[in-house]
4 protein chains.
Amino acid sequence: MLNRVVLVGRLTADPQLKYTPNGVAVANFTLAVNRPFSNQQGEKEADFINCVVWRKPAESASQYLKKGSLAGVDGRMQTRSYDNNQGQRVYVTEVMAESVQFLEPRNQQSDNSRSDSANQRNQQQQQRQNEPDPFAGGSISISDEDLPF
Amino acid sequence: MLNRVVLVGRLTADPQLKYTPNGVAVANFTLAVNRPFSNQQGEKEADFINCVVWRKPAESASQYLKKGSLAGVDGRMQTRSYDNNQGQRVYVTEVMAESVQFLEPRNQQSDNSRSDSANQRNQQQQQRQNEPDPFAGGSISISDEDLPF
Amino acid sequence: MLNRVVLVGRLTADPQLKYTPNGVAVANFTLAVNRPFSNQQGEKEADFINCVVWRKPAESASQYLKKGSLAGVDGRMQTRSYDNNQGQRVYVTEVMAESVQFLEPRNQQSDNSRSDSANQRNQQQQQRQNEPDPFAGGSISISDEDLPF
Amino acid sequence: MLNRVVLVGRLTADPQLKYTPNGVAVANFTLAVNRPFSNQQGEKEADFINCVVWRKPAESASQYLKKGSLAGVDGRMQTRSYDNNQGQRVYVTEVMAESVQFLEPRNQQSDNSRSDSANQRNQQQQQRQNEPDPFAGGSISISDEDLPF
DNA sequence: TTTT
DNA sequence: TTTT
């Protein structure tokens with residue numbers, strides 16, 4: 001039962017870092033992966049692939065990646081479903097990234113090139129690391145049951 | 001912009017073979033790929049991954065695979081969206097299979113073990129091959145614009 | 001720095017199970033992977049790819065696989081070199097399998113279909129598991145320094 | 001019989017472009033792919049993986065890549081053997097790259113940052129493209145029989 | 001809801 | 001809507 005995905009593409013937005021009620025880090029981001037060939041109208045197309053990362057690599061991704069970053073992902077495809085607020089079942093396919101590569105040339109300068117939301121996220125995260133907050137992730141809906149291992 | 005997926009799993013149902021208005025074969029099937037580990041409730045879980053194949057391998061898949069068959073897929077992840085009849089945008093992620101492997105031990109007997117729908121499909125297909133029908137795929141909604149190349 | 005390999009093929013011989021001086025299991029086997037197309041002489045060709053597995057999956061591979069078994073491997077390519085007894089440097093490329101799939105239909109009967117060397121190996125292994133031998137792997141040249149992690 | 005490899009690494013040297021007697025382009029290069037973890041001595045290690053590309057992507061690789069370039073490869077593992085001049089059989093494992101990605105940020109300037117051998121190669125290549133030389137690849141030992149398709 |  |  002093999003299940004392996006490898007992607008290289010660019011983030012469509014800054015990664016979103018959250019914490020489960022138990023304090024486990026999860027980051028979500030979408031990779032835009034350009035298709036090798038143009039379509040019949042001669043347009044360049046891309047696939048937009050949702051990725052999830054857990055634990056340490058989640059925090060690294062959130063720290064080193066931002067909108068537009070070139071990144072590589074090695075992971076597995078996963079599917080799940082939930083009922084939306086209109087009572088309809090929604091099916092989700094995403095990539096559980098086991099490792100994330102930062103393919104952007106190391107940026108020697110300070111991080112002020114970072115997008116605003118990335119800076120904000122970063123501050124929150126730093127805060128969290130200094131004082132392990134009992135309310136960590138308290139208001140978010142991800143659950144420890146989604147943990148891959 | 002790498003995009004590569006490799007899967008081995010079992011078909012949840014017989015493949016669905018169709019033809020575009022131009023007579024190009026497309027087959028759809030879903031692979032159930034069991035996860036390597038049990039979840040926190042100790043249950044075995046699986047991912048259900050939708051696959052599409054075009055042209056010759058579509059016809060082979062439809063001929064050699066049926067519900068429950070073990071198959072390998074080598075392809076790319078693709079995303080698309082459409083508006084459903086409630087006017088909502090639905091996002092779809094699927095695997096465009098470039099090659100499909102039949103991992104079931106070659107079945108030496110006649111094919112009467114085949115599920116009913118597989119037999120039906122097969123008859124249709126045979127008919128089609130004998131008399132290339134001008135209405136081929138006439139009533140289906142897939143379009144030649146989805147062709148990968 | 002992505003490095004990912006996925007293979008499905010047949011073992012050219014029974015796996016070889018050994019133990020490092022520290023008692024860590026390693027298995028070696030070669031997968032014959034048929035090429036998708038025939039060559040210019042119309043002959044079917046295959047690639048013969050050396051694989052290594054460590055620890056638990058090494059013991060499982062040695063237990064469940066034998067010459068001719070269909071198996072899937074998910075791992076990484078590795079290279080190393082050594083000096084042979086003629087004093088020449090030999091370069092080796094192999095696949096470090098992180099997981100091995102047994103794609104043969106579960107064989108319900110006893111294992112007497114097993115090749116002789118597989119049975120032998122198996123006996124040795126069983127012995128080893130019963131009385132953890134201080135000389136384990138004593139006479140073999142693999143080293144704990146090759147351990148992947 | 002799946003066989004899929006995806007790599008991201010850096011070229012250890014400029015690619016070597018040659019032509020078969022029939023004028024088909026082949027490029028060879030080695031990718032250094034850093035391992036994710038340090039070894040037991042705390043040293044960072046890398047795997048050095050030989051790659052071959054044919055036809056158009058061979059010429060692109062030779063044009064856009066040089067020693068040190070970050071590149072991605074999507075392809076298949078291949079093995080072959082030959083007898084060296086000491087009459088010994090040498091076994092070779094390499095990656096047949098079906099596609100090569102240039103992951104270096106597009107270099108807006110002229111190409112004078114190119115290594116000398118790259119420039120030389122390039123000139124030769126340009127010459128070849130202008131006047132399709134009857135002696136193309138005349139002195140090299142690669143054969144059209146190695147062509148993948 | 002999409003990236004360079 | 002899910003396979004052995």
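Per chain, numbering begins at 1; letters A, B, ... match sequence-line order.
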In whole Å, what is the span from the [atom1] atom of [X] to the [atom2] atom of [N]?
{"X": "A:L70", "N": "E:dT2", "atom1": "CG", "atom2": "C1'", "answer": "16 Å"}
{"X": "C:L103", "N": "F:dT4", "atom1": "CG", "atom2": "P", "answer": "16 Å"}
{"X": "B:R80", "N": "E:dT2", "atom1": "CZ", "atom2": "C1'", "answer": "18 Å"}
{"X": "B:N34", "N": "F:dT3", "atom1": "CG", "atom2": "P", "answer": "11 Å"}
{"X": "B:E104", "N": "F:dT4", "atom1": "CD", "atom2": "C1'", "answer": "9 Å"}
{"X": "A:N50", "N": "E:dT1", "atom1": "CG", "atom2": "P", "answer": "14 Å"}
{"X": "A:E45", "N": "E:dT2", "atom1": "CD", "atom2": "P", "answer": "14 Å"}
{"X": "B:Y91", "N": "E:dT1", "atom1": "OH", "atom2": "C1'", "answer": "6 Å"}

Given [options], the nucleotide with the shortest approach to the side chain of [X]:
{"X": "B:R89", "options": "E:dT3, F:dT1, E:dT1", "answer": "E:dT1"}
{"X": "B:A32", "options": "F:dT3, E:dT2, E:dT4", "answer": "F:dT3"}
{"X": "A:R10", "options": "E:dT2, F:dT4, E:dT3", "answer": "E:dT3"}
{"X": "A:K67", "options": "E:dT3, F:dT2, F:dT4", "answer": "E:dT3"}

Select base, sugar-phosphate, or nothing to describe what B:G68 touches, counting heavy atoms under 4.0 Å on all strands.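 Sugar-phosphate contact only.
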Any side-chain heavy atom of D:F102 within less than 4.5 Å of one from D:S60?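 Heavy-atom side-chain distance check passes, below 4.5 Å.
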Sub-3.5 Å donor-acceptor pair from the side chain of A:D83 to the main-chain atoms of A:G87, do we have one?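 Judged by distance alone, no pair lies under 3.5 Å.
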Between D:S99 and D:D74, do the side chains contain an N or O donor and an N or O acceptor separated by less than 3.5 Å?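 Looking only at side-chain atoms, D:D74 and D:S99 do not form any donor-acceptor pair under 3.5 Å.
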Are side-chain N/O atoms of A:Q88 and B:Q88 paired as donor and acceptor at under 3.5 Å?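 Checked: A:Q88/B:Q88 side chains pair up, N/O donor to acceptor below 3.5 Å.
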